[in-house]
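Notes to accompany the following structure.
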Amino acid sequence: MTGLGYVVVGLVLAAMGIWGVVVLAHPLRKLLALNILGSGVFLVLVAVADRGAGQAVDPVPHALVLTGLVVAVSATALGLVLMLRSDDDRAAPSRDQSDDKGVG
Amino acid sequence: MPLGIDDALPFAVVLPAVAAVAAVVMPHWGRAVGLVGGLMTAAAVVVIAFGNRVGGPIRYALGGWPAPLGIELAADGLAVVMLALVATVMLTAGVYALRYFDHDGGAEPALFWPLALLLWTGLNALALSADAFNVYVTLEVVSLAGVGLCALGGRGEAIVAALRYLLAGMLASLLYLLGVALLYVEHGTLDIATLAQVAVTGAAGFVAVPCILAGLALKAALFPLHFWLPAAHANANAPVSALLSALVVKAALYLVLRWWLAGLGMGLGPILVQLLGALGAAAVLWGSVQALVAARLKLSVAYSTVAQMGYLFLLFPLAANPTTASTAWAGIVYLVVAHGLAKAALFLASGSVLRAHGHDRLGELAGLLPRSPITKFAIGLSGVSLIGLPFSGGFVGKWLLLNAAIVSGQWWWVALIFAGSLLAAAYVFRIVALLFAQSESPIDVAPQHSPMLMELPALGLALAAVGLGFAYPALESTLALPDMLGDHAR
Amino acid sequence: MKRRHHSLEGWLALLAGLLALGLVAAGVLAYQADSPGLQDLVVRSLAQTRVDNPVTAVLLDFRGYDTLLEMGVLLLAWLTASTLSGPSHERLVRPSARLESPVDGSVDRMLARLLLAPLLLVAAYLLWRGTDAPGGALQAGAVVAAAAVAWQLGSGAESSVTVRRGYWLAPAALGVFLLAGVAVAVVTGTFLNHPQFAAREVMMAIEVATAASVAYILAALFACVLNAGGNGK
């Protein structure tokens with residue numbers, strides 16, 4: 001039952017992450033909060049692999065975490081690129097107004 | 001080994017994915033690859049539908065590993081409906097995109113095809129998945145493809161909208177994963193059919209189920225979690241808006257239906273059921289009013305999606321009563337398909353208006369479309385189905401819901417459906433009136449003519465949305481709840 | 001205005017506390033259910049997979065389909081990010097001003113080059129050992145990507161050319177995965193069902209392609225973030 005402590009820490013991290021995404025305004029902070037939420041969920045999954053003394057480690061949640069990490073990294077990188085590009089466009093808002101398919 | 005009907009299940013996911021890889025490697029052949037891959041995927045869907053009709057639900061253990069160790073694909077009646085809707089809208093929007101993205105060079109045409117094909121991969125994988133974690137991965141495929149398509153134009157507002165969409169999507173997926181992780185801790189399995197039955201009664205259910213439902217509601221843009229939708233759908237390219245509004249929000253709702261059908265619905269208390277219905281009601285009213293006052297055509301159409309998604313959450317209160325469950329169920333399925341077709345038609349037609357005039361500000365569109373009777377007709381017809389005028393697909397869906405509401409004695413939902421239809425009539429007539437009005441001031445810039453290849457797909461989808469209503473007598477028995485679930489085959 | 005803002009924050013903090021409390025309560029209750037997990041099933045089925053490491057068996061065999069779709073997620077992130085950070089699909093990653101100037105030299109060029117060989121060696125070892133010990137394609141790919149990031153930081157513009165040339169590596173994993181999945185289906189009749197006689201070879205091919213795509217895409221995503229930051233005109 002040593003995993004319980006890690007499950008609790010993971011869930012507290014997840015709650016902090018959810019709070020951060022909702023409350024914080026800047027997209028970078030939101031992205032970081034989402035990563036904290038993700039880390040919390042992954043910590044829960046890593047911890048639950050420990051099924052008690054004498055039992056083999058459950059490899060399924062570990063594999064899920066490896067998959068989830070790659071997904072999280074990809075989404076975060078895309079979020080950073082979008083954030084940086086939207087900053088550019090706020091600095092130069094008029095550059096696309098002549099586009100015929102432009103909306104807005 | 002000879003190919004069997006069952007093999008169509010993995011192929012519905014593999015074919016669009018192979019086409020997407022080909023479109024990435026050969027960006028100049030995107031259109032041809034997209035069309036061929038699309039037709040082959042549609043063929044796989046037809047085979048699945050046929051197999052389902054003949055032999056009932058199909059299950060397929062990927063890699064030969066059955067659940068709970070491996071991942072299984074499952075195609076029941078509900079999955080077939082979703083696959084068919086996805087294939088119809090994808091193919092039509094693809095034909096439209098042939099002309100829409102016809103300019104050579106630039107990132108848009110080169111990127112649209114791989115992204116759309118990967119979106120199709122994700123949607124089919126999502127519709128077929130019977131595994132709770134695999135659903136998370138498919139949700140991410142759908143979400144990242146949606147964000148990429150949304151940002152496709154690279155224009156300022158589209159990028160900002162795509163970023164908000166991504167952040168909302170990430171939060172939604174992680175909430176869903178958090179719920180699934182808690183359920184795995186308690187039950188040690190990821191099979192949706194098993195989890196949905198034990199989730200509510202289990203010790204962690206009081207937190208895990210709300211997490212899953214909140215994540216999916218955020219993805220489905222249920223009021224008040226719809227904040228990311230209008231900007232994302234209104235600022236994207238027209239074929240993209242059609243895909244996002246007709247399919248991507250439906251994918252999240254589809255998962256709600258899937259969990260609900262597998263047993264989650266039976267365990268939700270009456271308060272939670274009415275609360276979900278109330279949120280749906282708020283979405284209908286708020287979305288319709290916003291659609292009525294929106295300044296731009298595409299923004300109005302996007303808010304109409306918020307409203308129409310609201311109806312779908314009436315499933316919870318109406319199907320909670322066992323006597324009306326089957327009627328409510330058929331009504332929801334009808335509304336999902338009818339709205340998908342009508343909304344895709346409306347966005348494609350809006351794209352033609354936008355192409356012809358260079359803008360879609362409603363105040364300046366009055367009488368400006370004398371030369372596009374097809375587009376006008378498409379907008380009118382899809383409006384008919386959105387309002388729910390007899391005997392369109394939307395009408396049948398709302399009529400079934402009304403039936404369920406009256407029989408189960410929940411008169412307040414009757415009132416809501418009438419109010420929502422009146423509001424829908426108001427925002428549709430506002431658009432139609434502008435398009436058919438005589439222009440008062442002389443037109444200084446002659447609008448460009450819309451190509452037939454862009455006008456006809458919109459008309460086709462609108463006709464399908466209306467024609468769906470006439471097909472009801474033929475479909476009635478297939479829509480019954482036991483048939484959908486494949487109970488007769490068990 | 002300020003005061004109202006503070007009270008709102010108080011309420012939100014209270015809500016967050018309740019959320020944490022609920023989550024932890026659910027977690028503790030769920031943990032006490034003491035469910036058996038899937039490890040016994042994995043151990044029993046391991047003999048049929050030709051892989052000795054259970055995590056690798058789950059990733060590549062039992063739940064290989066998850067990994068396949070995950071390669072789709074990586075590909076999607078790369079497609080959109082590389083297009084947004086560069087001018088067109090043809091020039092996937094453009095050497096930008098920011099990449100050359102302020103970042104250049106932030107890691108010592110000499111150090112980056114010194115690190116390269118051992119990092120690649122570690123990656124190769126992780127990939128090789130993955131079948132029977134902790135490690136595997138994702139870890140190896142991440143280490144190669146780290147080496148590539150150090151290299152980019154140390155050498156600026158030169159690396160962008162390499163990044164641009166290797167763009168076919170991005171869809172390689174998804175492509176090989178799909179191809180292998182269909183190819184084994186011809187033999188065994190089931191998608192992704194590796195036949196006994198070739199399971200090791202098929203999985204090695206998938207592992208190598210996955211490591212290559214993960215390494216390339218992670219390194220390219222890093223370059224994309226740098227480029228997007230440097231794109232302000």
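Chain B forms more heavy-atom pairs under 4.5 Å with one residue of C:Ser45, C:Pro36, C:Gly27 than with any other, namely C:Ser45. In terms of heavy-atom pairs under 4.5 angstrom with chain B, the leader among C:Leu29, C:Leu38, C:Asp66 is C:Asp66. No other option in B:Ala204, B:Pro210, B:Gly205 has as many heavy-atom pairs under 4.5 Å with chain C as B:Ala204. Looking only at heavy-atom pairs under 4.5 Å with chain C, the residue among B:Leu115, B:Leu69, B:Leu182 that has the most is B:Leu69. Considering only heavy-atom pairs separated by less than 4.5 Å from chain B, the leading option among C:Gly64, C:Gly22, C:Ala170, C:Gly72 is C:Gly22. Taking C:Val58, C:Leu192, C:Leu69, C:Leu179 one by one and counting their heavy-atom pairs under 4.5 Å with chain B, the maximum is reached by C:Leu69. Of the residues considered (C:Leu68, C:Leu19, C:Asp61, C:Val42), C:Asp61 shows the highest number of contacts with chain B, using heavy-atom pairs under 4.5 Å. Taking B:Val137, B:Leu183, B:Asn134 one by one and counting their heavy-atom pairs under 4.5 Å with chain C, the maximum is reached by B:Asn134.
Counting only heavy atoms from C-beta outward, the side chains of C:Leu76 and B:Val141 approach each other to under 4.5 Å. Using a 4.5 Å heavy-atom threshold, the side chains of C:Leu79 and B:Leu118 count as touching. No side-chain heavy atom of B:Phe11 sits less than 4.5 Å from a side-chain heavy atom of C:Phe191. The closest side-chain heavy-atom distance from C:Ser35 to B:Val185 is not below 4.5 Å.
Within the 4.5 angstrom heavy-atom criterion, only side-chain atoms of C:Leu178, from C-beta onward, approach chain B. For B:Leu9, no part lies under 4.5 angstrom from a heavy atom of chain C. Proximity to chain C (any heavy atom under 4.5 Å) is restricted, for B:Leu178, to the side chain, taken from C-beta onward. Residue C:Val182 touches chain B through its side chain alone, counting heavy-atom pairs closer than 4.5 Å. Contacts between C:Thr49 and chain B at a heavy-atom distance below 4.5 Å involve the side chain alone, from C-beta outward. Within the 4.5 angstrom heavy-atom criterion, only side-chain atoms of B:Asp131, from C-beta onward, approach chain C. B:Tyr136 does not touch chain C: none of its heavy atoms, backbone or side chain, sits under 4.5 Å away. In this structure, chain C has a heavy atom under 4.5 Å from the backbone of B:Ala61, while its side chain stays farther away. When heavy atoms are compared at a cutoff of 4.5 Å, B:Leu73 approaches chain C solely by way of its side chain, counted from C-beta outward.
To the nearest 0.5 angstrom, B:Ile159 atom CD1 is 4.5 Å from C:Leu84 atom CG. Taken to the nearest 0.5 Å, the CG atom of B:Leu62 stands 10.0 Å off from the CG atom of C:Asn193. Taken from CG in B:Asp7 to OG1 in C:Thr190, the straight-line distance is 7.5 Å, to the nearest 0.5 Å.
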Checklist entry - Can you check side chain to side chain contact (heavy atoms under 4.5 Å, CB included) on C:Trp168 and B:Val25, steps first, answer last? => result CA-CA 6 Å; C:Trp168 55 272; B:Val25 179; 5.6 Å; no

Next on the checklist: Using the rule given for side chain to side chain contact (heavy atoms under 4.5 Å, CB included), can you reason through B:Leu190 versus C:Arg63, listing the C-alpha separation, both sets of side-chain angles and the distance that settles it, and then say yes or no?
Outcome noted: CA-CA 11 Å; B:Leu190 293 164; C:Arg63 301 184 65 91; 3.6 Å; yes

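Enclosure of atom CE in C:Met204 by more than 12 non-hydrogen atoms of other residues, nucleotides or ligands within 6.0 angstrom is indicated.
Residue pairs that meet the salt bridge (Lys or Arg N to Asp or Glu O under 4.0 Å) test with at least one member in residues 209-225 of chain C, sequence neighbours left out, do not exist here.
Not one N or O on the side chain of C:Tyr65 forms a donor-acceptor pair closer than 3.5 Å with the backbone of B:Gly63.
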